[in-house]
K.L.:
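Sharing a structure, written as structure tokens. Questions coming.
The shown structure was predicted, so the numbers you read here are calculated from the model rather than taken from an experiment.
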Amino acid sequence: MPFAAPRPCSHPGCRSLAVKDGRCADHQRQAWAKKAGATKRITGRRLQAMRAALFERDPLCASCKAAGLVVLATQRDHIVPLEEGGADDASNEQGLCTQCHDEKSLGERLRGLRGAFPRGSRGSVDPGVGRKSGAAGRKPSGSP
């Protein structure tokens, strides 16, 4: 059975021949591994109890409430992400609606890809990011 001709490394600017997964020996991708100091996540019944307590204590989205909107929280969110050194406890949690949670998570993901977050930084939600005024299903808190 014939072999395919060797191809160049897929790393930008590299002219070496690929040896494995489209990359040369100098540009192999690193395998994903959890960081040594990563915060352990709470799971199971304890997480379910914390989530229920959070939504009972404060059922509204923290970000929308700050913007004067009344929207139910559907996601338990870490104010300071675990990846950035936040604790997985009640002092570091807030309720967010799905839209606010997705916006905040995207920002955290992009910061992580750029390596731009300092350990222990306070990540907060910017209530106006990516939101159109008068979004469907959202009422200002003073409206009937």
Side-chain angles (χ1 to χ4, degrees), residues 3-4 6-14 16-144:
F3 291 101
R7 295 183 179 189
C9 176
S10 62
H11 185 79
C14 182
S16 299
L17 295 177
V19 292
K20 181 181 175 193
D21 297 326
R23 302 246 175 170
C24 68
D26 293 337
H27 296 116
Q28 290 296 311
R29 291 191 172 107
Q30 298 294 322
W32 183 87
K34 188 181 265 191
K35 293 182 180 175
T39 304
K40 181 165 175 22
R41 287 187 172 268
I42 296 171
T43 59
R45 291 179 193 257
R46 184 171 170 213
L47 173 62
Q48 292 172 1
M50 288 178 73
R51 184 174 150 75
L54 169 67
F55 294 142
E56 185 175 318
R57 182 175 66 246
D58 193 7
L60 299 179
C61 171
S63 179
C64 291
K65 187 164 60 171
L69 301 172
V70 177
V71 181
L72 285 178
T74 57
Q75 305 282 327
R76 176 182 177 259
D77 178 68
H78 294 97
I79 297 167
V80 178
L82 300 180
E83 180 66 23
E84 295 180 23
D88 197 5
D89 60 20
S91 69
N92 187 37
E93 69 181 5
Q94 64 183 351
L96 294 179
C97 64
T98 301
Q99 180 180 351
C100 291
H101 185 265
D102 290 347
E103 290 171 6
K104 181 174 181 266
S105 295
L106 176 62
E108 292 165 356
R109 221 175 358 266
L110 293 175
R111 277 198 321 266
L113 290 173
R114 289 189 305 257
F117 55 78
R119 300 289 290 166
S121 65
R122 299 289 295 174
S124 62
V125 177
D126 181 0
V129 174
R131 174 158 306 133
K132 298 177 186 172
S133 60
R138 298 168 187 257
K139 298 179 186 176
S141 57
S143 297

K.L.:
Excluding sequence neighbours, so at least two apart, what forms side-chain contact (heavy atoms from CB on, under 4.5 Å) with Asp88?
P.N.:
Thr39, Arg41, Ile42, Arg76, His78, Leu82

K.L.:
Between Asp102 and Gln99, is there a side-chain heavy-atom distance shorter than 4.5 Å?
P.N.:
no

K.L.:
Under 6.0 Å from the CZ atom of Arg45, do we count more than 12 heavy atoms belonging to anything else shown?
P.N.:
no

K.L.:
OG1 of Thr43 to CD of Gln48: how many Å apart, nearest 0.5 Å?
P.N.:
9.5 Å

K.L.:
Are Met50 and Glu93 close enough that some pair of their side-chain heavy atoms sits under 4.5 Å apart?
P.N.:
yes

K.L.:
Between Arg29 and Asp21, is there a side-chain N and carboxylate O pair less than 4.0 Å apart?
P.N.:
no

K.L.:
Between Gly85 and Val80, what is the shortest heavy-atom contact and its length?
P.N.:
C-CG1, 4.4 Å

K.L.:
Looking at Cys24 and Cys9, what are the two nearest heavy atoms and their distance?
P.N.:
N-SG, 3.3 Å

K.L.:
Do the side chains of Leu60 and Leu72 get nearer than 4.5 Å, heavy atoms only?
P.N.:
yes

K.L.:
Distance-only, no hydrogens or angles: does the Asp77 side chain make a donor-acceptor pair with backbone N or O of His101 under 3.5 Å?
P.N.:
no

K.L.:
Do side-chain atoms of Ser10 reach the backbone of Gly22 as a donor and acceptor pair under 3.5 angstrom?
P.N.:
yes

K.L.:
Just so I know, are the side chains of Gln94 and Lys65 near enough to count as touching, which here means a heavy-atom distance under 4.5 Å?
P.N.:
no

K.L.:
Looking at side-chain heavy atoms only, is the closest gap between Leu96 and Glu103 below 4.5 Å?
P.N.:
no

K.L.:
Roughly how far apart are His27 NE2 and Ser16 OG, rounded to 0.5 Å?
P.N.:
7.5 Å

K.L.:
Please give me the minimum heavy-atom distance between Gly95 and Ala73, naming the atom from each residue.
P.N.:
C-CB, 3.6 Å

